[in-house]
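Here's the structure, in structure tokens; my notes come after.
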Amino acid sequence: MTDTILAFDPVAIHAGNRGLGIDHDAVQARLDALVNSMTLAQLINEIRGLQPQPLAGLYFAGGDESLQIPPFKMVDGPRGARTGKATAFPVGIARGATFDVELERRVGLAIGLEVAARGGNVLLAPTINLLRHPGWGRAQETYSEDPFHMGAMAVAFISGAQNHVMTSPKHFAVNNVENTRFEMSANVPARVLHEVYLPHFKRCVQEAGAASVMSAYNKLNGTYCGEHAELLTHILRDDWGFKGFVESDWFLGTRSTAAALNAGMDLEMPAGFRFSDEKIHAAITAGTLTEATLRQAAGRALYAKLAWDLNSLPMPDANVVECPAHIALAREVAEKSIVLLKNAARCLPLSDTVDKRYAIVGDLATIANLGDRGSSFVTSSDTTSILSGITQLLQRAELTYFNSSDNLQSLGDFDACIVVAGLTYLDEGEFIPTQQQEAEGSDLARGGDREVLTLPESQRQLIESAACHARKTIVVLEGGSAIEVTDWLDLVDGLVMAWYPGREGGHAVSNVLFGVTNPSGRLPVTIPTHLDQHVPWDITSLNVDHDYLHGYGLMQANQEIPQFPFGFGLSYTRFDVQGLTVDSTDSGFCLRVNVTNTGATLGATIVQLYVACPNSSILRAPQQLKGFGRVELAAAGEVTLLINLSNADLCFYDELARDWRLEVCDYCFSIGFSSADLTLSSTWSFDGAGWQAR
Ligand code: BGC
């Protein structure tokens with residue numbers, strides 16, 4: 001009998017999450033008493049931040065000593081605790097590439113603990129806007145182009161972090177163009193909204209009990225998200241049962257006083273511009289805002305404070321920040337996030353023997369390339385560059401560094417050349433107009449969206465000239481999303497996607513290149529051969545129509561072959577899946593598959609479940625990810641992976657009924673190692689009452 005592992009174990013993932021299991025009735029009773037005892041001025045104080053700029057990284061909101069109400073103290077994420085130096089983890093997209101929910105829960109635990117140790121009680125993370133297009137400037141902060149994958153990673157992070165502090169998944173909703181984010185309207189039909197852009201938010205609320213949600217700057221179907229009643233009240237609260245508070249994104253996230261509050265906004269951040277005393281009193285006098293609505297908004301903010309018993313949240317010791325365990329975790333995550341994309345003639349792993357001479361090329365090899373310098377700008381007290389990581393690792397082989405202006409003609413003298421190329425915060429990231437102007441010669445955010453997915457010309461030239469001289473060329477790419485590689489891919493022997501790998505990235509990359517670690521990351525975003533394979537992309541557009549398909553679903557529907565498909569990644573060993581069994585249960589299906597490491601090296605793979613509805617009467621993506629599990633096995637090792645699939649995950653959103661429905665049709669469950677490599681399948685039919693295997 002082989003061992004069985006569960007792909008997603010809800011009990012383990014949600015352990016210790018303080019946001020779950022709240023005794024609602026008891027909190028409500030205390031809340032009613034508190035709110036009824038408060039004056040209007042005291043209530044108004046609870047619905048806004050206290051000052052525009054953070055104090056030591058903390059944004060304060062509400063709080064009243066005389067009533068023993070503590071303030072919220074919010075800290076940015078999502079790659080770490082943004083208060084002074086903290087553990088800079090690999091960015092969200094890198095963590096998405098691990099496809100490892102248990103690991104992401106541990107990242108949440110670590111970041112939550114560091115936030116708490118710095119005095120924070122709300123973590124402004126995770127960023128879970130779907131990568132409709134990989135050119136989005138903040139792609140690096142999020143996990144995925146796929147809603148199922150996004151939801152699984154996000155709930156794991158939240159449940160980990162909420163062992164210590166509240167979280168605030170953001171930005172609600174459909175915030176996926178950066179340069180025009182303050183004005184653009186994401187135009188999204190109801191079915192697309194519910195099936196593609198919201199399911200992961202819903203999971204954060206319902207499964208992980210997220211304490212708050214941050215609204216988005218942009219408009220949804222013409223209305224600012226910060227004053228969108230359908231979004232903030234009907235969907236979030238009435239449909240999903242959200243009991244937490246909604247805070248606006250900063251400065252321009254709250255556009256109005258009465259309209260925002262009436263729509264369901266609770267807290268203006270970072271300070272009360274629209275929720276100032278004067279404006280609120282004026283709205284009440286004008287009759288556009290009632291005291292009851294104000295009481296409700298303040299009540300929701302206070303609900304969280306009571307439910308979480310903020311006054312008695314433990315304050316961890318300051319030395320947990322960048323403690324050895326968190327540093328080790330940052331390295332583990334970086335290693336597991338690296339995606340091996342090409343390994344011609346098994347050029348990797350490189351060997352560390354006395355007879356080997358390696359060259360390493362590129363300025364990015366020497367810097368701490370941690371990613372964006374906008375709100376997710378987290379730095380550590382020490383960051384290992386790739387050059388330093390390899391130098392520290394090698395015991396026997398010789399390593400020579402060339403910067404981008406060096407003559408590369410001698411590269412032919414080396415056994416292999418490692419080129420470190422890619423993007424930095426200058427190429428992509430959060431777009432902050434004021435910082436943008438001041439950015440020249442400073443460390444501030446300069447990113448924004450990428451108009452194209454190709455490398456900057458200097459980086460492409462570096463790869464090409466290295467490849468033209470070197471005997472073997474291995475490219476290590478850094479960046480926060482898909483980068484087009486098609487033009488130069490044939491020139492190189494090896495390609496590794498390292499993302500922005502965090503403070504331990506240099507060690508992680510070295511370990512993968514030299515075989516200390518077997519790569520197991522998988523692409524959470526499709527790398528196209530060309531930009532046009534993704535949805536149309538215009539970073540100046542103020543109106544962006546969102547169709548049902550994007551990413552791998554769109555490419556499969558269009559029969560476009562991407563350069564590297566969603567879910568793809570190579571390993572130094574090989575895996576096989578066999579013996580798929582599917583059992584129908586009361587609420588869905590239980591799929592079991594045997595996974596074997598058929599190679600000679602310890603390694604890990606990501607087994608993926610996709611669902612197709614071949615005879616559906618409505619538009620569907622040809623394949624949709626509905627389950628995945630990371631499996632680590634010694635050479636010749638075997639395990640049974642169990643994936644639970646719920647009927648709810650098979651439903652479509654019926655716009656007319658405004659509800660979810662299970663269509664009467666066939667459902668084909670396929671298992672494999674990427675969206676384009678599905679080897680086992682089983683088809684079941686739903687006849688309106690029950691299921692039959694076909
Ligand atoms: C970003 C948010 C961030 C906030 C506070 C905003 O500009 O969009 O993600 O949490 O600033 O820094």
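Indexing begins at 1, ligand by ligand and atom by atom, following the structure's order. All values reported here derive from a predicted model rather than from experimental measurement.
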Polar side chain donor-acceptor pair, Ser248 to Glu268, under 3.5 angstrom:
no
For Tyr217 and Phe182, take the angle between the two ring planes, folded into 0 to 90°, and tell me which bin it lands in: parallel under 30, tilted 30 to 60, perpendicular over 60.
perpendicular
What's the separation between atom CD1 in Ile158 and atom CD in Glu207, rounded to the nearest 0.5 Å?
10.0 Å
Going by heavy-atom distance to atom 2 (C) of ligand 1, choose the closest among Asp76, Leu252, Asp249.
Asp249
For ligand 1, the portion of Arg181 having any non-hydrogen atom under 4.0 Å away
side chain
Within 4.0 Å of some non-hydrogen atom of Tyr217, the atoms of ligand 1 are 6 (C), 7 (O), 8 (O)
Contact with ligand 1 for His171, non-hydrogen, under 4.0 angstrom
yes
Just by distance, with hydrogens left out, do His171 and Asn129 show a side-chain donor and acceptor under 3.5 Å apart?
yes
Is Glu430 in contact with ligand 1, taking contact as a heavy-atom separation below 4.0 Å?
yes
In ligand 1, the atoms that come under 4.0 Å of a heavy atom of Arg138 are 1 (C), 2 (C), 8 (O), 9 (O)
Taking atom CD as the centre, does Glu451 end up with more than 12 heavy-atom neighbours from other residues, nucleotides or ligands that are less than 6.0 angstrom away?
no
Do ligand 1 and Trp250 have nitrogen or oxygen atoms that lie under 3.5 Å from each other?
no
Check each atom of ligand 1 against the heavy atoms of Tyr59 and keep those under 4.0 Å away; list them by number with element.
12 (O)
Which atom of Pro147 lies closest to which atom of Val196, heavy atoms considered
CB-O, 3.5 Å
Contacting atoms of ligand 1, where contact means under 4.0 angstrom from a heavy atom of Lys170:
2 (C), 3 (C), 9 (O), 10 (O)
Separation of Thr127 OG1 from Asp372 CG (nearest 0.5 Å):
9.5 Å
